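Quick notes on the structure that follows.
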There are 6 protein chains.
Amino acid sequence: MLKILWINPVGTDHYDAPFLEGFNQIKREDTTVDVVSLKNGPTHLEFMYYETMVLPEILSIVMKADREGYDAAVIGCFYDLGLHEAREVSEKMAIVAPEEACTALAATMGHRFSIIVTRDKCVPQMAKNLAEYGLNHKLASFKSLAIGVDDLHQDDETTYRRMLQCAKEAVVQDGAEVIVLGCTIQFGFYQRLQEEVGVPVIDAVAAPFKYAEYAADINRQFEWRHSKKCYYESPTDLAMQIK
Amino acid sequence: MLKILWINPVGTDHYDAPFLEGFNQIKREDTTVDVVSLKNGPTHLEFMYYETMVLPEILSIVMKADREGYDAAVIGCFYDLGLHEAREVSEKMAIVAPEEACTALAATMGHRFSIIVTRDKCVPQMAKNLAEYGLNHKLASFKSLAIGVDDLHQDDETTYRRMLQCAKEAVVQDGAEVIVLGCTIQFGFYQRLQEEVGVPVIDAVAAPFKYAEYAADINRQFEWRHSKKCYYESPTDLAMQIK
Amino acid sequence: MLKILWINPVGTDHYDAPFLEGFNQIKREDTTVDVVSLKNGPTHLEFMYYETMVLPEILSIVMKADREGYDAAVIGCFYDLGLHEAREVSEKMAIVAPEEACTALAATMGHRFSIIVTRDKCVPQMAKNLAEYGLNHKLASFKSLAIGVDDLHQDDETTYRRMLQCAKEAVVQDGAEVIVLGCTIQFGFYQRLQEEVGVPVIDAVAAPFKYAEYAADINRQFEWRHSKKCYYESPTDLAMQIK
Amino acid sequence: MLKILWINPVGTDHYDAPFLEGFNQIKREDTTVDVVSLKNGPTHLEFMYYETMVLPEILSIVMKADREGYDAAVIGCFYDLGLHEAREVSEKMAIVAPEEACTALAATMGHRFSIIVTRDKCVPQMAKNLAEYGLNHKLASFKSLAIGVDDLHQDDETTYRRMLQCAKEAVVQDGAEVIVLGCTIQFGFYQRLQEEVGVPVIDAVAAPFKYAEYAADINRQFEWRHSKKCYYESPTDLAMQIK
Amino acid sequence: MLKILWINPVGTDHYDAPFLEGFNQIKREDTTVDVVSLKNGPTHLEFMYYETMVLPEILSIVMKADREGYDAAVIGCFYDLGLHEAREVSEKMAIVAPEEACTALAATMGHRFSIIVTRDKCVPQMAKNLAEYGLNHKLASFKSLAIGVDDLHQDDETTYRRMLQCAKEAVVQDGAEVIVLGCTIQFGFYQRLQEEVGVPVIDAVAAPFKYAEYAADINRQFEWRHSKKCYYESPTDLAMQIK
Amino acid sequence: MLKILWINPVGTDHYDAPFLEGFNQIKREDTTVDVVSLKNGPTHLEFMYYETMVLPEILSIVMKADREGYDAAVIGCFYDLGLHEAREVSEKMAIVAPEEACTALAATMGHRFSIIVTRDKCVPQMAKNLAEYGLNHKLASFKSLAIGVDDLHQDDETTYRRMLQCAKEAVVQDGAEVIVLGCTIQFGFYQRLQEEVGVPVIDAVAAPFKYAEYAADINRQFEWRHSKKCYYESPTDLAMQIK
């Protein structure tokens with residue numbers, strides 16, 4: 001039995017129930033999944049300031065889950081905030097992040113992929129992550145919806161239209177062979193988009209979740225998870241809390 | 001039910017039974033796995049010439065498996081030969097390769113990893129793959145056993161001693177935080193090595209096999225597999241055979 | 001006397017006579033050149049599958065030519081298929097490939113060059129070669145004719161018009177200072193194009209042929225050819241043939 | 001009059017007085033400098049977890065200083081934590097970070113430089129920063145003192161001996177032409193080391209402080225500071241605080 | 001007291017007085033600045049040939065200034081000609097160059113910057129410098145005014161209009177967050193442009209001058225200047241002159 | 001008939017006769033070669049200052065040769081000084097440089113090559129060239145003889161012994177498969193070294209000379225030489241001379 005935790009790193013439980021429902025439809029039979037969100041925090045993380053504010057609570061959740069025996073946790077924001085910090089504080093639980101999981105997958109599916117983001121503001125941080133992951137040479141383009149996270153589901157049809165336009169430009173003008181949806185709140189669109197555009201469209205929720213099952217499985221069976229040598233060496237004082 | 005095919009791309013069925021037995025111990029309950037080897041060919045692929053000779057039969061197996069409804073196939077050699085060719089000829093079946101799968105995994109487990117190869121001869125081709133995958137900056141070193149593929153299991157203790165020496169040098173001198181075994185025939189050693197060296201040691205058989213389950217699952221559920229646009233566009237004449 | 005072999009790696013001798021005639025017009029006095037094509041195979045190599053199918057026969061030709069004392073051989077397809085495999089099996093004969101020779105030359109002739117390809121399908125493989133050759137930073141753009149190899153000489157005027165349009169866009173919009181014709185079957189156009197566009201246009205047949213003369217000369221005089229240490233170490237069993 | 005704030009991002013005011021004294025010796029006549037440390041937090045930031053814990057208070061200090069009219073602030077840790085977050089929340093005050101300032105300087109002073117760090121644990125994060133700054137190709141090596149931050153001034157002579165050994169190895173074996181001290185708490189050693197080794201040794205306190213004067217000056221005179229477009233666009237809700 | 005020398009590396013003293021006047025308005029109180037131009041040479045350096053012709057006199061000026069006790073010198077052309085040669089011949093005086101100083105600054109001010117050049121001819125040399133400085137990944141674009149150096153101040157309004165167009169395209173189409181003026185003779189425009197475009201615009205005269213003050217200060221106080229080991233090792237025979 | 005000019009860019013004609021004799025032994029029948037040296041200048045170019053001093057005369061020779069109808073010229077120093085400047089001033093004559101020609105060749109001959117230099121001082125400039133040529137990833141190592149240019153032929157046996165040691169270390173420790181001699185004055189050693197070490201050893205005189213024949217041939221037959229668009233656009237005033 002694999003135990004997976006999905007962390008919605010925002011101060012609203014608005015997405016917890018629909019995400020859980022979605023995971024239960026796509027999970028392995030032997031997977032148990034829980035979804036949590038934060039007690040405090042904004043409804044989105046478009047600014048680095050917001051990421052800073054929520055990261056302590058995220059790490060607290062990670063440490064607790066690690067002690068409780070989860071096999072893997074996903075910090076569910078495409079900024080991949082806290083990925084390395086969480087690996088540092090986690091002794092045994094694998095840590096998965098959407099951009100890392102989605103782009104690694106996309107890199108195996110074609111020569112170039114494009115990432116559809118909510119706003120241009122997202123590009124620098126995601127581009128830096130991508131460079132660190134070594135996949136810059138696989139990027140066809142970032143395409144911006146120019147729709148803020150909180151507005152993505154205001155009118156699904158409007159969002160879809162804009163998404164379709166971005167995806168088509170990516171494929172026709174930029175040479176993308178694969179599309180990655182660069183925000184977890186862009187959920188619910190991948191299937192229709194994939195059919196209409198004719199190339200794979202990777203969903204930022206389903207892909208890291210399924211990758212987490214793989215990570216959990218090899219963690220449990222082979223103890224393959226982040227090395228505790230050097231980079232992810234655990235802090236001496238994990239109980240430290242800033243008042 | 002996921003259907004996976006492991007291809008031992010050599011002209012001997014010597015490893016088919018032990019590999020199948022191994023997969024049955026580590027597979028998901030809902031996975032069916034088959035192992036095949038080639039009718040013709042050498043017992044190892046240390047030379048590019050040998051790769052060239054066996055690739056037509058590999059692609060023939062891939063096309064047949066694709067028609068038979070396998071969800072994913074692994075071409076089981078760390079040279080990742082035929083990876084892109086197989087994706088080109090495969091309409092629906094995902095293709096997995098050991099170096100791609102193992103190094104992508106290792107990249108998430110620490111700052112740097114080392115790859116233990118059989119002979120120096122392997123390094124150039126594997127280094128080129130790694131550059132293409134974008135992971136050069138994650139490589140601590142290649143370490144060579146100086147033991148040919150056919151001799152890896154001549155005397156397991158000798159091989160293990162040499163492997164241990166390579167792994168320790170990688171960790172202590174080169175700064176590796178993770179070890180990757182760079183040949184599928186280095187199977188059977190990872191666990192003991194991992195315990196003795198104290199960092200994760202990724203096995204070149206188990207890791208791509210488990211990754212193939214992940215690839216098969218998302219292929220079946222979401223139709224996420226290599227894009228057929230451009231790079232992996234299918235050949236017009238798949239029936240072409242050179243006499 | 002330098003002995004050079006040009007291999008048309010396709011299953012038609014359609015181009016053998018015109019190529020030989022062309023070489024005899026541009027060769028050094030002390031060069032002897034032969035042109036061969038394959039007994040089997042497709043008329044073009046637009047797909048990786050086709051490359052896989054013809055490579056064994058190409059290597060067989062290479063080994064024979066090596067034994068017969070040729071100084072250099074060119075495998076005449078801009079995909080540079082078999083370049084490294086041929087060096088592995090060749091003991092003394094230098095191996096030349098069109099993309100490697102043309103782009104190395106173009107890199108000395110200006111700040112950026114563009115490559116005109118037949119179809120977008122060609123770009124990924126050629127881009128990977130270019131990255132491996134270290135010349136990505138010299139590339140202004142790939143421009144696609146959207147004309148398949150077999151149709152390049154259907155109507156030379158149509159092909160030329162399209163080629164001219166691509167070259168002008170490359171120079172004016174992409175900043176190319178040099179144009180490379182990215183297919184050997186684009187022969188016959190470079191001179192007119194060069195005059196009309198006003199920048200050098202490198203032909204994918206003439207350039208590697210002349211480079212082969214240089215390679216043959218230094219091979220014969222100084223024994224400068226691919227090293228047999230490590231990467232191009234010869235296979236133990238060169239006689240191996242897959243039935 | 002330039003106003004500069006130096007932030008010691010640790011929960012001790014142990015270094016505040018000596019740092020202030022040092023700054024007053026090296027500052028421009030028209031500079032006013034203040035030094036602050038945190039109310040809460042550990043005595044060092046060797047772990048990413050500790051960085052996460054102190055960053056909210058750092059950003060709070062930055063925002064306050066920005067409102068109070070400081071021209072520039074330095075977040076005084078060689079991990080460069082919070083550099084981009086601070087630029088996001090700062091409207092008018094320039095933000096300076098030790099690794100960014102020291103390595104940019106070192107890159108102008110020779111072909112290659114080495115960075116002397118306290119422990120190997122520091123390398124991955126600093127290496128990632130360096131890659132992001134574009135200076136990987138200027139790095140000769142990281143050299144580790146294997147002395148924790150809290151112990152650097154336990155016995156200055158021991159620390160100096162070890163530092164000297166690292167610097168000499170960097171120069172003689174690794175080809176370093178410049179040495180960078182990769183921790184602000186390595187203060188007090190640069191001058192003696194520079195004289196003994198015979199190459200420039202950049203101090204992680206003095207260099208960013210002097211750079212901050214330059215940044216403050218051009219900020220005040222020309223309004224040259226981080227752009228508020230896109231990457232450093234200010235958060236909508238700067239008053240947000242997580243309880 | 002800091003002593004700085006600005007070298008206008010052209011054979012006209014046309015810009016000496018206005019530059020000096022400008023420096024006196026923006027300099028530190030404790031800075032003394034001199035401006036010199038060449039006895040011989042063209043009025044601009046658009047061609048590498050012209051750079052070659054003026055470099056011996058520039059180095060002669062540098063050596064003289066070094067002996068006279070200047071703390072820093074700027075070779076005032078955005079091609080950064082003679083930067084490394086000057087460091088080689090200078091024993092104690094720091095050497096500053098416009099492209100190096102401006103792009104290092106711009107890299108700290110946003111995710112991407114664009115450089116506005118006079119003519120396309122400038123791009124290759126500046127692009128090579130940028131690659132060497134490690135900042136290619138920070139470049140949004142080069143934008144060309146298509147106005148020669150000698151014509152930049154023929155009609156300031158025309159130049160400004162063209163500059164504004166380039167800057168707006170850089171920001172809107174290319175994603176630039178910062179603009180760099182890529183020629184010292186583009187002086188006099190940055191302030192108006194910065195206000196109208198809304199992102200920082202770095203002037204190629206003021207920025208390196210202020211950087212030179214910083215370089216002079218740390219040179220004088222800490223002896224931090226280019227290392228004399230290896231790359232910048234002084235010539236044996238500094239008195240050598242070619243007749 | 002091909003006309004080639006070899007320029008010894010030093011103020012001594014000491015090497016002119018032996019070089020000419022060497023060229024006459026290895027040249028094509030239809031090649032005419034001349035060797036010139038400078039009227040003024042040092043006996044070697046170990047310092048950038050010396051390069052600066054001799055470059056004007058080199059360009060003057062290049063322009064004259066271009067007018068006189070030479071097909072190609074080689075500027076015979078492994079620093080590749082003046083390569084781009086000479087292309088700018090040359091209308092029709094191809095320009096060849098030793099490091100560019102030798103490393104492009106070595107890159108086709110194995111996975112990695114090492115360059116044997118006279119002194120460490122050479123490394124930074126040659127490393128920058130190599131990065132610009134795109135071949136950093138092919139470099140195994142620079143190995144320094146620690147023998148100045150003027151002393152290379154003081155005692156050939158001593159030089160050879162040191163060269164052999166460097167080459168062996170490069171092959172055994174650094175993984176070099178090819179050796180490049182990184183100074184034209186290292187002539188006379190390649191053959192013996194090649195036989196003793198067992199990998200190709202590229203001579204810095206013979207290789208660029210033979211490449212120049214290739215360049216001259218394609219220049220004459222196809223007008224393939226450096227593009228005059230943009231980067232190598234000719235100066236307006238080629239007659240400009242600094243008094």
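This structure is a prediction, so every number in the text was calculated from the model and none was measured. Here is the naming used below: chain letters follow the sequence lines, and residue numbers restart at 1 for every chain.
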_I'd like to know which of Tyr190(A), Phe113(A), Tyr232(A), Tyr214(A) tops the heavy-atom pair count under 4.5 Å against chain B._
Tyr214(A)
*Checking heavy atoms, do the side chain of Ala206(B), its backbone, both or neither come under 4.5 Å from chain A?*
both
_Between Ala207(B) and chain A, with a heavy-atom cut-off of 4.5 Å, which part of the residue counts as in contact: side chain, backbone, both or neither?_
both
Tell me, for [X] versus chain B, whether the close heavy atoms (under 4.5 Å) come from the side chain, the backbone, both or neither.
X: Asp203(A); value: both
X: Ala212(A); value: neither
X: Ile26(A); value: both
X: Lys228(A); value: neither
X: Gln25(A); value: backbone
X: Tyr133(A); value: backbone

_Taking 4.5 Å as the heavy-atom cut-off, does anything in residues 177-185 of chain B contact chain A, and if so which residues?_
Glu177(B), Val178(B)
Tell me the residues of [range] whose non-hydrogen atoms fall below 4.5 Å from those of chain B, in number order.
range: residues 84-101 of chain A; value: Arg87(A), Glu100(A)
range: residues 164-172 of chain A; value: Val171(A)
range: residues 67-80 of chain A; value: none

Closest heavy-atom contact between [X] and [Y]?
X: Tyr211(A); Y: Leu105(B); result: OH-CD1, 4.0 Å
X: Glu132(B); Y: His137(A); result: O-NE2, 2.8 Å
X: Ala176(A); Y: Lys229(B); result: O-NZ, 3.4 Å

_Nearest 0.5 Å, please: how far is CZ in Phe222(A) from CD in Gln194(B)?_
10.0 Å
*Atom CG in Leu83(A), atom OG1 in Thr108(B): separation rounded to 0.5 Å?*
8.5 Å
_If you apply the rule salt bridge (Lys or Arg N to Asp or Glu O under 4.0 Å), what do you find for Lys210(B) with Glu213(A), and how did you get there?_
CA-CA 10 Å; Lys210(B) 296 306 288 185; Glu213(A) 288 185 327; over 6 Å; no
_With a 4.0 Å cut-off on N to O distance, would you call Asp217(B) and Arg28(A) a salt bridge?_
no
*Counting only heavy atoms not in Glu223(B), do more than 12 fall under 6.0 Å of its CD?*
no
_I'd like to verify something: which residue of Lys138(B), Glu29(B), Arg112(B) has the highest number of heavy-atom pairs under 4.5 Å with chain A?_
Lys138(B)
